[in-house]
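Just below is one structure, and these are the notes that go with it.
For this chain, numbers begin at 1 and follow the sequence in order. Scope of the values below: all heavy atoms of this structure, side chains included, with no hydrogens, waters or symmetry mates.
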Amino acid sequence: EEARRLREREEAKARLKAHALRLGARMLKEERKYQSQRAAALRAKAQAKAFLEDFSRATREARADGYMQARTAAGVAIVDPTRRLDVLHPSTHAVVKTREFGRAVGATDERVIDQVAAKHPGAE
């Protein structure tokens, strides 16, 4: 009788230990799944925020300003903000690479050379 009780007690301890191991493994699996889902949600949230920031008014205006500053001779975003010029000739305000640029054919405007050199430091 005593041996049977001792054996049952050992079997119960073994079952409890096995159950605890299975429970621990299940908890680890659930934690990994939760962390994966949380990381995916954070990535989605960051992408949504980046998307909204990318198409915000301030971003669009900054892009337009950068475009204008890169292509105007004076490097300004607005060519004539005060409207003092009667006639606005784009060729006097914009710097455009002509066909002769980079071919060593004819004279290239110094403004074009300076602007391209500013965009590509170290190039000659």
Side-chain angles (χ1 to χ4, degrees):
E1 181 69 29
E2 186 66 30
R4 186 180 57 81
R5 246 188 271 160
L6 188 60
R7 187 172 23 98
E8 287 177 356
R9 184 174 289 161
E10 292 300 321
E11 288 174 358
K13 283 182 183 179
R15 278 195 312 270
L16 283 174
K17 187 174 182 179
H19 179 68
L21 289 174
R22 284 194 310 269
L23 184 62
R26 188 182 317 153
M27 288 174 62
L28 286 174
K29 183 179 176 183
E30 287 178 5
E31 181 64 23
R32 281 193 296 263
K33 183 179 177 183
Y34 169 74
Q35 292 298 335
S36 169
Q37 290 174 344
R38 185 166 182 241
L42 288 174
R43 277 193 308 273
K45 185 177 179 181
Q47 286 176 345
K49 183 179 177 184
F51 179 79
L52 289 176
E53 287 175 356
D54 196 33
F55 287 101
S56 69
R57 181 177 178 176
T59 304
R60 286 182 302 177
E61 288 178 359
R63 265 196 223 122
D65 289 349
Y67 178 85
M68 289 298 292
Q69 289 170 354
R71 282 155 181 81
T72 56
V76 294
I78 300 175
V79 175
D80 185 25
T82 59
R83 294 194 170 259
R84 291 185 182 167
L85 298 175
D86 293 333
V87 180
L88 190 65
H89 297 288
S91 61
T92 60
H93 297 285
V95 178
V96 179
K97 292 184 211 174
T98 61
R99 290 187 321 182
E100 290 81 22
F101 179 78
R103 294 170 142 192
V105 178
T108 302
D109 189 2
E110 288 297 320
R111 295 183 307 170
V112 174
I113 294 172
D114 293 341
Q115 189 173 31
V116 171
K119 284 184 181 180
H120 306 285
E124 293 186 24

**Report entry** Spacing of CZ belonging to Arg4 relative to CD belonging to Glu2, to within rounding of 0.5 Å
**Finding:** 10.0 Å
Query raised in the report: Distance from Leu23 atom CG to Leu16 atom CG, nearest 0.5 Å?
Result: 11.5 Å
Query raised in the report: Among Arg7, Lys13, Glu11, whose side chain to side chain contact (heavy atoms under 4.5 Å, CB included) with Arg9 holds?
Result: Lys13
Report summary line: Across all chains, not counting sequence neighbours, the side-chain hydrogen bond (donor to acceptor under 3.5 Å, both in side chains) partners of Glu53 are none
Query raised in the report: Under a 4.5 Å cut-off applied to non-hydrogen side-chain atoms, are His19 and Arg15 in contact?
Result: no
Query - Point-to-point distance, once rounded to the nearest 0.5 Å, from CG of Asp54 to CD of Gln47 - result: 12.5 Å
Query raised in the report: salt bridge (charged side-chain N to carboxylate O under 4.0 Å, His left out): which pairs involve residues 22-46, sequence neighbours left out?
Result: none
